[in-house]
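First up is the structure itself, then whatever we jot down about it.
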Amino acid sequence: MSDYIIETSQLTKNFENIRAVDHINLRIQDSVIFGLLGPNGSGKTTTCRLLTGMLQPSKGTATVLGLDTLREGDLIREKTGILTETPSLYPRLTVRENLHFYAKVYDIPKVEIKNRVEELVDLFDISEKINEPAGTLSKGMKQKVALARSIIHNPELLFLDEPTSALAPESARMVRELILNLTEKENRTVFINTHNLEEAEKLCTQIGIIERGKLIALGTPAELRKRLQNEILTVISFSKWTKEIESYLDSKKAKVVEINKLDSSVSLKLEDIDEETPKLIKDLVNRNIGIKEVKHTRPTLERIYFELVNGDNSQEEDE
């Protein structure tokens, strides 16, 4: 069995004259939150459907939990939890009835269903709504119940398609906390489709960026940041700006690529942020230059995303 919980090779899907997924190569280990980022129509949902065996690829292969998506799609769907963009609850059934129904769908033994439902009610804090029809719940509460429904059979892997789409900020925060809880406390792997960059920044430990069906970037947030060269990362605040400071920063010794003076502080682009910042601070201190504050401004995921999407998004295709 593969060391990866999800692995694809040249995964491709064509619809008539449209290539929705274009030679995607993925390797995702367990107990991570993987975010597939991209605008609407970029191929996120199609990728998810390929991985769960709902669609057959036009080319390439994929395995999920060691199972082949082409031949073992039914088994993959039995062993994973899937949350679509809509909650997919029965509106006339109560929350309890919905959870009991899905427990039976997943063949949970009858003697275990009651305890499992109670576990989920406690985990998702939905006891006050347990006897209310699902159709009367708020969007945020429906999403909580839908998330509970998706893990009722204790799946190792969850597929979440836009889990906070159209939710109010408070409800979205609540759902994000539940997702983090599932990974940190229950060691589940979560695969999230989203175009919400703020959400991905808060949740994901590994990120893939998809554009027009192509995977144009893959890695941890730290690895993606390294792809941006000479980012503004260091801000130094001085008690007083002097010609000596300016002269030193302009010198080759400082290895500063760009200087932007802001009143009594300066923002810098350095050749190597991790290596050069300590040297820079040490040199300034040795010159008795008063420093009030030093801080790094790391590139946001939003900046990384737009830099990569608008830059060179070509990908080698191994035929």
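Quick caveat, the model's predicted, so the values are computed rather than measured. In this chain, residues are counted from 1 in sequence order.
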Is it the case that one hydrophobic cluster holds both [X] and [Y], taking links as side-chain heavy atoms less than 4.5 Å apart, direct or via other members?
X: Ile259; Y: Ile281; value: yes
X: Leu180; Y: Leu160; value: yes
X: Leu65; Y: Leu70; value: no
X: Met174; Y: Leu182; value: no

Donor-acceptor pair, distance only, cut-off 3.5 Å: does the side chain of [X] make one with the backbone of [Y]?
X: Thr220; Y: Glu223; answer: yes
X: Asn14; Y: Ser58; answer: no
X: Ser247; Y: Lys243; answer: no
X: Lys144; Y: Val175; answer: no
X: Arg188; Y: Pro155; answer: yes

If you look only at distance, which donor and acceptor atoms sit under 3.5 Å apart when one is on a side chain in residues 28-35 and the other is two or more places apart or in another chain?
none

Got a second to check how far [X]'s [atom1] is from [Y]'s [atom2], nearest 0.5 Å?
X: Thr61; Y: Glu7; atom1: OG1; atom2: CD; result: 8.0 Å
X: Glu199; Y: Glu162; atom1: CD; atom2: CD; result: 7.5 Å
X: Ile113; Y: Glu118; atom1: CD1; atom2: CD; result: 12.5 Å

Please give me the minimum heavy-atom distance between [X] and [Y], naming the atom from each residue.
X: Thr12; Y: Asp22; result: OG1-C, 4.1 Å
X: Pro91; Y: Pro133; result: O-CB, 3.5 Å
X: Ala217; Y: Leu224; result: CB-CD2, 3.9 Å
X: Ile192; Y: Pro163; result: CG2-CD, 3.8 Å
X: Ser150; Y: Ile82; result: CB-O, 3.9 Å
X: Pro221; Y: Ile304; result: O-CD1, 4.4 Å

Quick check: do [X] and [Y] have side-chain heavy atoms less than 4.5 Å from each other?
X: Ile108; Y: Lys104; value: no
X: Arg27; Y: Ile6; value: no
X: Leu157; Y: Val64; value: yes
X: Arg149; Y: Ser88; value: yes
X: Ser42; Y: Arg212; value: no
X: Lys142; Y: Val145; value: no
X: Glu293; Y: Ile236; value: no
X: Lys59; Y: His23; value: yes

Within 6.0 Å of [atom1] in [X], more than 12 heavy atoms from elsewhere:
X: Glu156; atom1: CD; answer: no
X: Ile291; atom1: CD1; answer: yes
X: Gln56; atom1: CD; answer: no

ask   = Does anything in residues 127-174 pair up under ring pair (Phe, Tyr, Trp, His ring centres under 6.0 Å), and if so which pairs, sequence neighbours excluded?
value =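 For residues 127-174, and leaving out neighbouring residues, the ring pair (Phe, Tyr, Trp, His ring centres under 6.0 Å) pairs sorted by first residue read Tyr106-His153, Phe159-Phe191.
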key: Intermediate values then yes/no, side chain to side chain contact (heavy atoms under 4.5 Å, CB included), Leu280 and Leu284   = CA-CA 6 Å; Leu280 178 64; Leu284 290 171; 4.3 Å; yes
Side chain to side chain contact (heavy atoms under 4.5 Å, CB included) evaluation trace for Val266 with Asn260 = CA-CA 6 Å; Val266 61; Asn260 291 290; 5.8 Å; no
task = Before giving the answer on side chain to side chain contact (heavy atoms under 4.5 Å, CB included), spell out for Leu137 and Val95 the whole-Å C-alpha distance, their side-chain angles and the decisive distance to 0.1 Å.
result = CA-CA 9 Å; Leu137 303 177; Val95 170; 3.7 Å; yes
Listed partners of Leu93 passing side-chain contact (heavy atoms from CB on, under 4.5 Å), at least two apart =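 So Leu93 forms a side-chain contact (heavy atoms from CB on, under 4.5 Å) with Tyr90, Glu97, Asn98.
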Contacts of Ala200 that satisfy side-chain contact (heavy atoms from CB on, under 4.5 Å) - sequence neighbours left out =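 Partners of Ala200 by the side-chain contact (heavy atoms from CB on, under 4.5 Å) criterion, ordered by chain and then number, come out as Leu37, Thr194, Cys204, Leu301.
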Just list the side-chain donor-acceptor pairs under 3.5 Å for residues 44-52, sequence neighbours left out, or say none.
residue: Lys44; atom: NZ; partner: Gly38; partner atom: O; Å: 2.8
residue: Lys44; atom: NZ; partner: Pro39; partner atom: O; Å: 3.1
residue: Thr45; atom: OG1; partner: Asp161; partner atom: OD2; Å: 3.1
residue: Thr47; atom: OG1; partner: Gly43; partner atom: O; Å: 2.8
residue: Thr52; atom: OG1; partner: Cys48; partner atom: O; Å: 3.0
residue: Thr52; atom: OG1; partner: Arg49; partner atom: O; Å: 3.4

Identify, with sequence neighbours excluded, every residue that meets salt bridge (charged side-chain N to carboxylate O under 4.0 Å, His left out) alongside [X].
X: Arg77; value: Asp74
X: Glu244; value: none
X: Glu170; value: Arg173
X: Lys139; value: none

ask   = So Val117 and His100, side chain to side chain contact (heavy atoms under 4.5 Å, CB included) or not? Walk me through it.
value = CA-CA 7 Å; Val117 169; His100 273 261; 3.9 Å; yes
task = Identify, with sequence neighbours excluded, every residue that meets ring pair (Phe, Tyr, Trp, His ring centres under 6.0 Å) alongside Phe238.
result = Trp241
Without placing hydrogens or testing angles, list every side-chain donor-acceptor pair under 3.5 Å for residues 119-132, not counting sequence neighbours.
residue: Glu119; atom: OE1; partner: Arg116; partner atom: NH1; Å: 2.9
residue: Asn131; atom: OD1; partner: Arg96; partner atom: NE; Å: 3.4

query = Between Glu198 and Lys202, is there a side-chain N and carboxylate O pair less than 4.0 Å apart?
reply =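 Yes, this pair counts.
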key: Donor + acceptor pair across side chains of Arg176, Asn196 (<3.5 Å)   =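 Distance-only check fails for Arg176 and Asn196.
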ask   = Residues two or more places apart in sequence or in another chain: which of them pass side chain to side chain donor-acceptor pair (under 3.5 Å) with Thr277?
value =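 Applying side chain to side chain donor-acceptor pair (under 3.5 Å) to Thr277 gives Thr234.
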